[in-house]
Number of protein chains: 2
Amino acid sequence: MQLNAFWRIIKLMKHAINQKPDYEKELRKAGVRITRPRRIILDILTSTEDHPDAMKIFHRAIEIDDSISLSTVYRTMNLLEEMGAIHRHAFNGGPSRFEQAHGEHHDHLIDVDTGDVIEFQSDKIEKLQEEIARALGYDIIHHRLELYGRKSKPSE
Amino acid sequence: MQLNAFWRIIKLMKHAINQKPDYEKELRKAGVRITRPRRIILDILTSTEDHPDAMKIFHRAIEIDDSISLSTVYRTMNLLEEMGAIHRHAFNGGPSRFEQAHGEHHDHLIDVDTGDVIEFQSDKIEKLQEEIARALGYDIIHHRLELYGRKSKPSE
DNA sequence: ATGCAAATGCAAATGATTTGCAAAAAGAAA
DNA sequence: TTTCTTTTTGCAAATCATTTGCATTTGCAT
């Protein structure tokens, strides 16, 4: 796998990075109870490749246990977000979509036709952002870089 | 005013750029009727420095004419967005906030404490984005770069 | 001035998300 | 394992931002 100094495609590396951290232990340590719904939602989040929204998570969850409610999904997403276990995105201003907060920070390229999300990372861009913020008298708390694109026709 | 090759702060230039384009003529040419509500909303948009949401625009509007309804504000924002006269942002996943589409493209630095928005532009970052998208096999349709930051204490 | 399509206000509908509350389950203690 | 306390859940109703249906008004070409 070729990594270029400027930027790396993370998607290809995701499975390697993705050795599910033991969230249950983490959560318990923070005084959070491990319930059946939470275990199921956590499992969905740690085993998916995509960036599902609450409704999608809910549907996957009720296939495993149909007693889970949508509000529990929302409550769990808020909990996990506060704990830093997941990240929330609002692509296009649509409903929140979530992803496991695995190791590396990264940004997103969203396929405007399919909604697919490709992850990437660019140290150069991060550096420039820092530079800009500093010059404006700010410290960056977090940032959001989203590219909305369409698959390019190779021939034209 | 010193412009650096890497990036420029647009805010300072905004008033200069901001010689209100004749939207009324533009709209009429596109077959859109100029109504009292539209004129008022357009005026608010072209004369403000900030990035107000629909509710804020509504409140400013009813001060001028209290018969304007919130749905008209929303309908007008959709219309103007389709015409390319304004841009819509969903900072932090909050309600849509709007700004006049004046000349230059730019990105935003949002003050997490006050909600204030500072505009900036970086050709270098744009270039890198293009590069990344191309390498991933995509053409960029549009993008969104938001820095969320807090005023830095100069002394620490 | 006149007529008709386009735009408005209002209220009700929608979609995403949150919340109140009584019942159920988790984990600590006995 | 039983009991107790506290957290979490499911459900339904509430909220928030935004859109829509419809009867009425208005812009503007004639």
Side-chain angles (χ1 to χ4, degrees), chain A residues 23-44 51-83 85-98 115, chain B residues 23-44 51-83 85-98 115:
Chain A
Y23 282 125
E24 304 207 0
K25 188 165 280 177
E26 294 284 320
L27 291 180
R28 188 171 271 113
K29 189 156 37 176
V32 172
R33 291 184 183 175
I34 303 306
T35 63
R36 188 166 156 68
R38 283 179 182 164
R39 215 187 310 267
I40 291 173
I41 291 170
L42 232 20
D43 251 20
I44 292 171
H51 297 63
D53 60 24
M55 192 55 78
K56 200 164 279 176
I57 294 170
F58 173 60
H59 281 128
R60 292 181 195 172
I62 54 178
E63 248 165 78
I64 299 165
D65 175 348
D66 72 321
S67 74
I68 289 171
S69 82
L70 182 55
S71 20
T72 295
V73 173
Y74 277 109
R75 277 190 280 235
T76 303
M77 301 326 283
N78 287 337
L79 175 75
L80 295 177
E81 188 187 21
E82 272 163 35
M83 312 230 5
I86 61 171
H87 291 142
R88 173 193 303 262
H89 304 286
F91 302 132
N92 270 324
S96 293
R97 294 173 61 175
F98 306 91
Chain B
Y23 283 125
E24 303 208 1
K25 187 165 281 178
E26 295 283 321
L27 291 180
R28 188 172 271 113
K29 188 155 37 175
V32 173
R33 292 186 182 172
I34 302 306
T35 62
R36 188 165 156 70
R38 283 179 181 164
R39 214 187 312 267
I40 291 174
I41 291 170
L42 230 22
D43 252 19
I44 292 171
H51 296 63
D53 59 24
M55 192 55 76
K56 200 163 279 175
I57 294 169
F58 172 60
H59 281 128
R60 293 181 195 171
I62 54 179
E63 247 164 78
I64 300 164
D65 175 347
D66 71 323
S67 75
I68 289 172
S69 81
L70 182 55
S71 21
T72 295
V73 173
Y74 277 109
R75 277 190 280 235
T76 304
M77 301 327 284
N78 287 338
L79 175 76
L80 294 177
E81 188 186 18
E82 272 162 35
M83 312 230 5
I86 61 171
H87 291 141
R88 173 193 302 262
H89 305 286
F91 302 132
N92 270 324
S96 292
R97 295 172 61 174
F98 307 91

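Every heavy atom of this structure was used, including side-chain atoms; hydrogens, water molecules and symmetry mates were not. Below, read A as the first sequence line, B as the second, and so on, with proteins coming before strands; counting in each chain starts at 1. Given the structure is predicted, the values throughout are model-derived calculations rather than measurements.
Look at D:dT20: its Watson-Crick or wobble partner, with both distances under 3.5 angstrom, is C:dA11. Pair check for D:dT7 finds C:dA24; Watson-Crick or G-U wobble, both atom distances under 3.5 Å.
Note: CZ (A:Arg38) to C1' (C:dA25) measures 11 Å, nearest angstrom. Rounding to whole angstrom units, CE of residue B:Met77 and C1' of D:dA17 are separated by 14 Å. Between the P atom of C:dG9 and the CD1 atom of B:Ile62 lies a distance of 11 Å, rounded to the nearest Å. Summarising the geometry, the separation between CG on A:Leu27 and P on D:dT8 is reported as 10 Å, rounded to the nearest angstrom. As rounded to whole Å, 15 Å separates atom C1' of D:dT9 from atom CD1 of A:Ile34. A straight line from CD1 of B:Ile40 to P of C:dT8 spans 11 Å, rounded to a whole angstrom. Between B:Phe58 atom CZ and D:dA17 atom P the separation is 13 Å, expressed in whole Å. Rounded to whole Å, the distance from CD1 on B:Ile57 to C1' on D:dA17 is 14 Å.
Ring orientation note: the planes of A:His87 and A:His89 are nearly perpendicular, at an angle over 60° on the 30°/60° scale.
Using a 4.5 Å heavy-atom cutoff, the side chains of A:Leu80 and A:Leu42 are in contact. In this structure, A:Phe91 and A:Arg97 have side chains that are in contact, with non-hydrogen atoms separated by less than 4.5 Å. At least one side-chain heavy atom of B:Ile57 sits less than 4.5 Å from a side-chain heavy atom of B:Met77. Contact check for A:Asn78 versus A:Arg88: side-chain heavy atoms found under the 4.5 Å cut-off. Using a 4.5 Å heavy-atom threshold, the side chains of B:Phe98 and B:Asp53 count as separate.
Among the atoms of the strands shown, none is found under 4.0 Å from any heavy atom of B:Arg39.
Relative to the side chain of B:Arg33, the nucleotides D:dT9, C:dG9, D:dG27 differ in distance, and D:dG27 lies closest.
Considering only side-chain N and O atoms, B:Arg28 lies under 4.0 angstrom from the phosphate OP1 or OP2 of D:dC28. For the pair A:Thr35 and C:dA26, the criterion of a side-chain N or O lying under 4.0 Å from OP1 or OP2 is not met.
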Note to self: Strictly under 4.0 angstrom, non-hydrogen atoms only: write out the protein contact profile of nucleotides 13-19 of chain C, one letter per nucleotide from the 5' end, B, S or -.
What the structure shows: ---SBBB
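Residues A:Thr72 and A:Ile41 share a closest heavy-atom pair of O-CD1, 4.3 Å.
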